[in-house]
Amino acid sequence: MESSVTGSEDSGANISLSVKFSGRTIPITNLSPDSTIKDLKSLLQPLTNVLPRGQKLICKGKLLVDGMTLKESEVANGSRIMLMASQGLHQGDGPILKQAPTRPISRANNATTLGKEKTEVSVDKNRLDRWKATGVIGLRDYNLRAIPDEVWACGASARVIELSNNAIPVVPAKIGCLSSLQKLFLSANDILDNSINWEALVSLKFLTVLSLDQNHLTTLPPALGLLTSLKQFHVANNKLSSLPNEIGLLTKLEVLKVNNNRISTMPTSIGDCIGLFEIDVSSNLLSELPETFGNLHNLKSVCLSNNGLKSLPSTLFKKCLQLTTLDLHNTEITMDVLRQTEGWESFDERRRLKHQKQLDFRVVNSGAFDEGADKS
């Protein structure tokens, strides 16, 4: 079923047109003849994931100019327009194609590749004793269909569990018996929203690192806010559309990576995560950030690439005085916008100083600002 967008109503004869993009046709209805080409591109952005400055619209062999109206561009009712996308200038994971992949990385054939014999892991007494003695349980890349019972047998001696890159669909209530657990890695599994026993998970009062990257999560529960010892939370490459307001309760959180999701708004409570020094929200669907970002005084690195952002929180540079890394590649933010933001000069000086230190050790070869802001 094709998407359809309705433009603003106008007292004159409104225009309906169709846009051809990547093998599909997008109907646009009720556009005023006085709407500009730039307005049309803004309407197309959420339907295509292509940023306005990455769109080239062609009608009757003529390239349409942003500042001109539909009427001036001779775009009439029933017109057919072709959209060509510039490589890289997109939000989210990329342009929405006719047959877009649902996951960044597919592991559907892991069972065939690794062999069915690896769906269960053999845990002898020596291995179990070693787990208990060290507190470290390593079961990455075993194509497991469930967490082995021997893990639960470790009880309070378990401190670190690495279960990434398996096919585990459920995090059961038994997770609560690992009362001393500090780090839990569950990336690249088959975990769904309702297959995590959050009541048991949040009982882990010493948990500082939780990694749920590359699963099938579409939402996070309010209970997340009860993991008050959490310092690192990784939930990239899922299908999240938002973060719970309760994330603001994670005042010890230092690293938050939620890149490559479908997040369109950030909760204002993010400003309460005062311990944050690194945040990655790249490749989402953000058009703005809350002003409370300025409360994150410990921020050192912010990755915002591949979003539809047109501006930054007004206090970001003024209040976040430790910020030295800012990635704005493939956003709508220009250098003019940055220069007009209070505190830009101080930030730029800090950034240059950091790059100069790297230059001294030949880590990078340029101190020029290249975090992705358009030069115009």
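In this text the structure is predicted, and so the values were computed from the model without any measurement. Only this structure's heavy atoms are used, side chains among them; waters, hydrogens and symmetry mates stay out.
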Report yes if some heavy atom in the side chain of [X] is under 4.5 Å from a heavy atom in the side chain of [Y]; otherwise report no.
X: Ser35; Y: Leu70; result: yes
X: Gln232; Y: Glu278; result: no
X: Lys38; Y: Pro52; result: no
X: Leu296; Y: Val302; result: no
X: Leu256; Y: Val281; result: no
X: Leu212; Y: Ile196; result: yes
X: Leu316; Y: Thr341; result: no
X: Asn245; Y: Pro222; result: no

For [X], is the [atom1] atom crowded, meaning more than 12 foreign heavy atoms sit under 6.0 Å from it?
X: Glu199; atom1: CD; answer: no
X: Arg140; atom1: CZ; answer: yes
X: Glu74; atom1: CD; answer: no
X: Met84; atom1: CE; answer: no
X: Gln182; atom1: CD; answer: yes

Give the minimum heavy-atom separation between [X] and [Y], together with the two atoms involved.
X: Ile137; Y: Cys154; answer: CD1-SG, 3.8 Å
X: Ile15; Y: Pro33; answer: CD1-CA, 3.9 Å
X: Pro244; Y: Pro267; answer: O-CG, 4.0 Å
X: Leu224; Y: Leu250; answer: O-CD2, 3.6 Å
X: Leu51; Y: Gln45; answer: CD2-NE2, 3.8 Å
X: Val209; Y: Leu230; answer: N-CD1, 3.9 Å

Measure the spacing between [atom1] of [X] and [atom2] of [Y] and express it to the nearest 0.5 Å.
X: Asp149; Y: Lys174; atom1: CG; atom2: NZ; answer: 4.5 Å
X: Gln322; Y: His297; atom1: CD; atom2: NE2; answer: 10.5 Å
X: Ser211; Y: Leu163; atom1: OG; atom2: CG; answer: 11.0 Å
X: Arg262; Y: Ser242; atom1: CZ; atom2: OG; answer: 13.0 Å

Next on the checklist: Applying ring pair (Phe, Tyr, Trp, His ring centres under 6.0 Å) as the test, list every pair that has at least one member in residues 153-211; sequence neighbours left out.
Outcome noted: none
Checklist entry - Which one of Glu291, Gln340, Lys319 satisfies the side-chain hydrogen bond (donor to acceptor under 3.5 Å, both in side chains) criterion with Ser314? => result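 Among Glu291, Gln340, Lys319, the one meeting side-chain hydrogen bond (donor to acceptor under 3.5 Å, both in side chains) with Ser314 is Glu291.
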Item to check | Among Asp141, Asn143, Asn189, the one residue meeting side-chain hydrogen bond (donor to acceptor under 3.5 Å, both in side chains) with Asn165 | outcome: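 Single pass found, and it is Asp141.
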Item to check | Shared-cluster residues of Ile274, by chain and number - hydrophobic side chains joined below 4.5 Å | outcome: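 Hydrophobic cluster check, Ile274: no partners found.
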Item to check | Residues that, via side-chain heavy atoms closer than 4.5 angstrom, fall in one hydrophobic cluster with Phe277 | outcome: Val255
Side-chain donor-acceptor pair under 3.5 Å between [X] and [Y], yes or no?
X: Asp193; Y: Thr219; result: no
X: Thr25; Y: Ser18; result: no
X: Thr36; Y: Asp39; result: yes
X: Lys354; Y: Thr325; result: yes

Could you see if [X] belongs to whatever hydrophobic cluster contains [Y]? Use Ile, Leu, Val, Met, Phe, Trp, Tyr and a side-chain cutoff under 4.5 Å.
X: Val170; Y: Leu186; value: no
X: Val160; Y: Leu178; value: no
X: Met335; Y: Leu326; value: yes
X: Leu44; Y: Met82; value: no
X: Leu207; Y: Val202; value: yes

Item to check | Candidate pair Ile270 and Leu276, rule side-chain contact (heavy atoms from CB on, under 4.5 Å), full reasoning | outcome: CA-CA 9 Å; Ile270 192 69; Leu276 272 176; 4.2 Å; yes
Side chains of residues 57-66: which donor-acceptor partners sit under 3.5 Å, not counting sequence neighbours?
{"residue": "Lys62", "atom": "NZ", "partner": "Ser73", "partner atom": "O", "Å": "3.4"}
{"residue": "Asp66", "atom": "OD1", "partner": "Lys41", "partner atom": "NZ", "Å": "2.7"}

Determine whether a donor-acceptor pair (N or O, by modelled atom type, separation under 3.5 Å) exists between the side chain of [X] and the backbone of [Y].
X: Asn261; Y: Val235; value: yes
X: Asn295; Y: Phe293; value: no
X: Asn307; Y: Leu286; value: yes
X: Thr292; Y: Thr268; value: yes
X: Asp280; Y: Asn259; value: no
X: Asp272; Y: Leu249; value: no
X: Thr315; Y: Lys318; value: no
X: Ser164; Y: Ala188; value: no
X: Asn166; Y: Ile147; value: no
X: Arg53; Y: Thr331; value: yes

Item to check | Step-by-step side-chain contact (heavy atoms from CB on, under 4.5 Å) determination, Leu328 to Leu338 | outcome: CA-CA 11 Å; Leu328 297 173; Leu338 292 177; 3.9 Å; yes
Next on the checklist: Testing Leu47, Leu43, Leu83 one by one against Ile26 for a side-chain contact (heavy atoms from CB on, under 4.5 Å), which residue passes?
Outcome noted: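 Only match with Ile26 under side-chain contact (heavy atoms from CB on, under 4.5 Å): Leu47.
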Item to check | Name of the residue among Leu210, Ile175, Leu226 meeting side-chain contact (heavy atoms from CB on, under 4.5 Å) with Leu204 | outcome: Ile175
Next on the checklist: Under 4.0 Å between a side-chain nitrogen and a carboxylate oxygen: does that hold for Lys183 and Glu162?
Outcome noted: no
Item to check | Asp129 bridged to Lys132 by N-O distance under 4.0 Å | outcome: no
Next on the checklist: Restricting to ring-ring contact (aromatic ring centres under 6.0 Å, His included), what partner residues turn up for Phe317, sequence neighbours left out?
Outcome noted: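 Phe317 satisfies ring-ring contact (aromatic ring centres under 6.0 Å, His included) with Trp344, Phe347 only.
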Item to check | Residue list, salt bridge (Lys or Arg N to Asp or Glu O under 4.0 Å) with Lys205, at least two apart or on another chain | outcome: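 If we apply the salt bridge (Lys or Arg N to Asp or Glu O under 4.0 Å) test to Lys205, skipping adjacent residues, there are no hits.
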Next on the checklist: Before you tell me yes or no, could you show the steps for Leu31 and Val75 under side-chain contact (heavy atoms from CB on, under 4.5 Å), namely the whole-Å CA-CA distance, both residues' side-chain angles and the distance that decides it to 0.1 Å?
Outcome noted: CA-CA 11 Å; Leu31 280 170; Val75 176; over 6 Å; no
